[in-house]
Amino acid sequence: MLIFRKPIEGVERPQMPADVVIVGGGPAGMACALRLAQMIDAHNAAHPNSQLSKENIYVLEKAREIGQHCLSGALLDPRSMLELLPDFEKEAPLDAKVTKEAVYFFTEKSKFKFPITPPFLRDHGNYVISLNRFVKWLGGKVEETGITIFTGFAGSELLFDGDRVTGVRTDDKGVDKEGHQKSNFEPGYDLNAKVVILAEGPCGSLTKRLIQKFDLAKNANPQTYGVGVKELWEVPAGRIAAGEVIYTLGWPLTTREYGGAWIYGSPGTGANDNIVSLGFVTGLDYADPRLDPQHVLQEFKRHPFVAKLLDGGKMIRYGAKSMPYGGWWAIPPVAGNGWMILGDSAGFLNSARLKGIHLAIKSGMLAAETAFEALRKDDSSAATLGEFQKRVESSWIKDELWKVRNLHQGFEHGMYAGMFHTGLQMITGGRGVRNRYPAKAGYEHMRKLADLPADGGAEAHLLGAAKGDGKLTFDKLTDLYHSGTKHEEDQPAHLVIHDTNLCNTKCVKEFGSPCQNFCPANVYEMVDDASQPNGKRISLNPSNCVHCKTCDIADPYQIITWVPPEGGGGPNYDGM
Ligand SMILES: Cc1cc2nc3c(=O)[nH]c(=O)nc-3n(C[C@H](O)[C@H](O)[C@H](O)COP(=O)(O)OP(=O)(O)OC[C@H]3O[C@@H](n4cnc5c(N)ncnc54)[C@H](O)[C@@H]3O)c2cc1C
Ligand code: SF4
């Protein structure tokens, strides 16, 4: 029987008072901590008689090391960093300044270059970075200020008092597969905080619970997502310049799926090579449950243009992560009594530009300014923290996202409709045919096998597991090996399936168990079991999980909840 992870009941937990707890040490969380420290330092210098302390401000990060779970493209728009640390370009790990961009439309064997780069994909002035290295550096800056970052600690529950968030419980350590305490058991801490800031990235587990508890999304469009599957390659010098940026649309997707690819060039580690970051983002609103986003990336690499670029090269890292696509109308209220939500957890991502880092950082800064006021006044009520909402709405975050507020919804009926709406939106400041386009949650687009062609039709080349040739293309387990993923094996499953019976009786027949396909890390398997009505039973390999959250998002019955595993476990996205 599968046992799922949940906090152990009936144990005494260490209590720790805190001023501010930031859950998640990605760009949003780190920028928030750094800006808060800057403001407290400036306040203390100006007010020797009313000092504020940084001692009880904590960042919780589930990865064993700072940045280890951070995966992105990544191109950095420097706008918010120039506000946070005006001299950051002198010392941050920036791989290359963008020198050249191109956008292509791919058919199976050919390509068409867009005669002009659409304005939202113009990247001159941006930097190619590894988000993992960048966040490590930013985390170092936070630690220099005296703020404590607890790595290897996940926020596993929010603490409430009525309608107020009063703190965060960290994960229990040393619990075995059956849910029993091991000899090294350590209960999670209760951090009782004045202000709780959620910066967990896309589909945050605490954020999801907060949104559900207070029904925060009731007036927002449903959040929609894409999953980006990425590989890092070392290629012979001369294939791509450091700072060269390529975007592609079209093949291997058909006109019915939403998504596209990126290829970014960085300097290599040796004189004779370059690093290529390439990946494919597949919108998690496709119809065919047999579609496999890792397979989509493998097919993309078989395109003659990409195959030539990678020929003679070596794949060195792999990973996957989701991103929120829903835009401005899908953002829930971002502040309330004792809490704020930042970055991808709130949905601050510009899907037209495939960029969210600069918005995550800016939202972190605005939350820090709000938290600072709360500490100064010793008041973290909804009225004080609600200022964060107003700060966001009068900042350039809103200006940027407002212009693309209907972008993704315009593609709900396929590529041709999407292109029509995008054109119209560009000339109407983001409006298009109406101010607010509605949206359906991505999983609602998934269709039952009985309604789809048995041979897969136009999508046949994207369905099921990729086999891989071992050189240019890889099967999932080979790719996964390059993600450096490790977890404590003896712990309850952190993929909580609320009704496994439904998997074994209904989903297997109706949808053919899509979890086996959409998970980029082979976590879900249907194994033979003669005692089951369809001869199959769901089985999990949670240790493979790369924390992309796709299962939580794409499951058509919405019965999977991703919760953090024991802190420290997960991928190792060195250089990603
Ligand atoms: C494939 C892909 C390509 C992208 N390309 C670009 C690009 O080129 N340029 C760009 O600007 N943006 C890009 N983005 C978007 C960008 O990466 C995000 O917008 C940005 O990283 C969001 O920052 P964040 O801090 O909100 O979340 P994240 O970067 O996701 O960081 C969240 C952190 O919180 C931690 N965490 C989560 N839950 C918990 C918990 N419960 N307890 C403790 N810790 C927790 C995670 O381990 C992680 O370290 C891309 C995204 C993807 C997926
Ligand atoms: S189990 Fe879920 S979160 Fe983990 S890798 Fe698979 S799809 Fe992603």
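Just so it is clear, the model here is predicted, and its values are computed rather than measured. The first residue of the sequence shown is numbered 1, and numbering continues consecutively from there. First listed ligand is number 1; within each ligand, the first listed atom is number 1.
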Contact check: Ser322 vs ligand 1, nitrogen or oxygen atoms, below 3.5 angstrom: no

Please confirm whether Gly25 comes under 4.0 Å of ligand 1, counting heavy atoms of the residue only. yes

Could a heavy atom of Lys230 be found less than 4.0 Å from some atom of ligand 1? no

Looking at ligand 1, is there an atom of it that comes within less than 4.0 Å of some heavy atom belonging to Val281? no

Output the list of atoms in ligand 2 that are nearer than 4.0 Å to some heavy atom of Lys549, sorted by atom number. 3 (S), 8 (Fe)

Which of the listed options, Leu158, Asp123, Leu354, Leu131, holds the heavy atom that is closest to atom 6 (C) of ligand 1? Leu354

Measure from the side-chain N and O atoms of Glu61 to the backbone N and O of Gln68, and report whether any donor-acceptor pair falls under 3.5 Å. no

Do side-chain atoms of Arg405 reach the backbone of Trp402 as a donor and acceptor pair under 3.5 angstrom? yes

A student checking ligand 2 against Trp562 at a 4.0 Å heavy-atom cut-off should list atoms 3 (S)

Out of Gly24, Gly26, Gly343, who gets a non-hydrogen atom closest to atom 31 (O) of ligand 1? Gly26

Do any N/O/S atoms of Cys548 come under 2.8 Å of atom 4 (Fe) of ligand 2? no

Could you tell me if any non-hydrogen atom of Pro27 lies under 4.0 Å from any atom of ligand 1? yes

Any N/O/S atom, side chain or main chain, of Cys551 closer to atom 2 (Fe) of ligand 2 than 2.8 Å? yes

May I have the step-by-step check of side-chain contact (heavy atoms from CB on, under 4.5 Å) for Met16 and Tyr58, ending in yes or no? CA-CA 11 Å; Met16 254 174 93; Tyr58 304 111; 3.6 Å; yes

Would Lys173 and Phe153 count as a cation-pi pair here, with the cationic atom under 6.0 angstrom from the ring centre and within 45° of the axis? yes

Measuring from non-hydrogen atoms of Cys70 to any atom of ligand 1, is the shortest distance under 4.0 Å? yes

Side chain, backbone, both or neither: which part of Phe518 comes within less than 4.0 Å of ligand 2 when only heavy atoms are counted? neither

Using a distance-only test with no angle check, is there a side-chain donor-acceptor pair under 3.5 angstrom linking Ser205 and Trp562? no

Closest protein heavy atom to atom 27 (O) of ligand 1, given as residue, atom name and distance to 0.1 Å: Gly201 CA, 3.2 Å

Taking heavy atoms and a distance under 4.0 Å, where does Val523 meet ligand 2: side chain, backbone, both or neither? side chain

Closest protein heavy atom to atom 51 (C) of ligand 1, given as residue, atom name and distance to 0.1 Å: Met323 CE, 3.5 Å

Looking only at heavy atoms, is any part of Ala360 under 4.0 Å from ligand 1, and if so is it the side chain, the backbone, or both, or is it neither? side chain

Select the closest option to atom 35 (C) of ligand 1 among Glu61, Glu200, Met30, His547, judged by heavy-atom distance. Glu61

Over 60° means perpendicular and under 30° means parallel, so classify the ring planes of Phe474 and His482, tilted if in between. tilted

Looking only at heavy atoms, which two atoms of Ala31 and Leu138 are closest? And how far apart? N-CD2, 4.3 Å

Looking at ligand 1, would Gly567 count as a contact under a 4.0 Å heavy-atom criterion? no

Starting from atom 3 (C) of ligand 1, what is the nearest protein heavy atom, named by residue and atom, and what distance separates them? Gly73 N, 3.2 Å

Pro564 N/O under 3.5 Å from ligand 1 N/O: no

Ring centroid separation for Tyr258 and Tyr325, is it under 6.0 angstrom? yes

Heavy atoms only: which of Lys355, Gln68, His358 is nearest to atom 10 (C) of ligand 1? Lys355

Under 4.0 Å from any heavy atom of Cys545, which atoms of ligand 2 are there? 1 (S), 3 (S), 4 (Fe), 5 (S)

Less than 4.0 angstrom from a charged side-chain N to a carboxylate O is my criterion; do Asp288 and Arg290 meet it? yes

Which is closest to atom 1 (C) of ligand 1 by heavy-atom distance: Tyr573, Tyr225, Trp262? Trp262

Closer than 4.0 angstrom: is that true for some heavy atom of Tyr264 and an atom of ligand 1? yes

With a distance cut-off below 6.0 Å to the six-membered ring centre and an angular limit of 45° from the axis, does Lys362 pair with Phe348 as a cation-pi contact? no

Protein heavy atom at shortest distance from atom 25 (O) of ligand 1: Ala28 N, 2.9 Å

Looking only at N/O atoms, are Lys321 and ligand 1 under 3.5 Å apart anywhere? yes

Under a 3.5 Å cutoff, is there a donor and acceptor pairing between the side chains of Glu231 and Gln294? no

Any chance the side chains of Asp123 and Tyr247 put a donor and an acceptor closer than 3.5 Å? yes

Residue of the set Ile66, Leu71, Asp574 for which side chain to side chain contact (heavy atoms under 4.5 Å, CB included) holds with Asn132: Asp574

Parallel, tilted or perpendicular, judged at 30° and 60°: which one describes the rings of His487 and His547? tilted

Tell me: protein heavy atom nearest atom 15 (C) of ligand 1, and distance? Leu349 CD1, 3.5 Å

Where on Leu495 is there a heavy atom closer than 4.0 Å to ligand 2, on the side chain, on the backbone, on both, or on neither? side chain

Is it the side chain (CB and beyond), the backbone, both or neither of Ile357 that lies under 4.0 Å from ligand 1, heavy atoms counted? both

In ligand 1, which numbered atoms sit nearer than 4.0 Å to a non-hydrogen atom of Ala154? 42 (N), 43 (C)

Please determine whether a side-chain nitrogen of the Lys or Arg among Asp172 and Arg5 lies less than 4.0 Å from a carboxylate oxygen of the Asp or Glu. no

What is the nearest protein non-hydrogen atom to atom 42 (N) of ligand 1, stated with its residue, atom name and distance? Gly155 N, 2.9 Å

Specify whether Phe518 and Tyr524 have parallel, tilted or perpendicular ring planes, treating 30° as the upper limit for parallel and 60° as the lower limit for perpendicular. perpendicular

Counting from 1, what ligand 1 atoms have a heavy atom of His69 closer than 4.0 Å? 47 (O)

Need the ligand 2 atom indices (1-based, order shown) with element for anything under 4.0 Å from a heavy-atom of Ala521. 5 (S)

For ligand 1, which atoms, with element, lie under 4.0 Å from some heavy atom of Ala199? 32 (C), 33 (C), 34 (O)

Hey, are Glu369 and Arg35 close enough for a salt bridge, meaning a charged N less than 4.0 Å from a carboxylate O? yes

Against heavy atoms of Leu75, which atoms of ligand 1 measure under 4.0 Å? 7 (C), 8 (O), 9 (N), 10 (C), 11 (O)

For atom 19 (O) of ligand 1, the closest protein heavy atom turns out to be Asp344 OD1, 2.7 Å

shortest atom 50 (C) of ligand 1-to-protein heavy-atom contact is with Ser72 OG, 3.2 Å

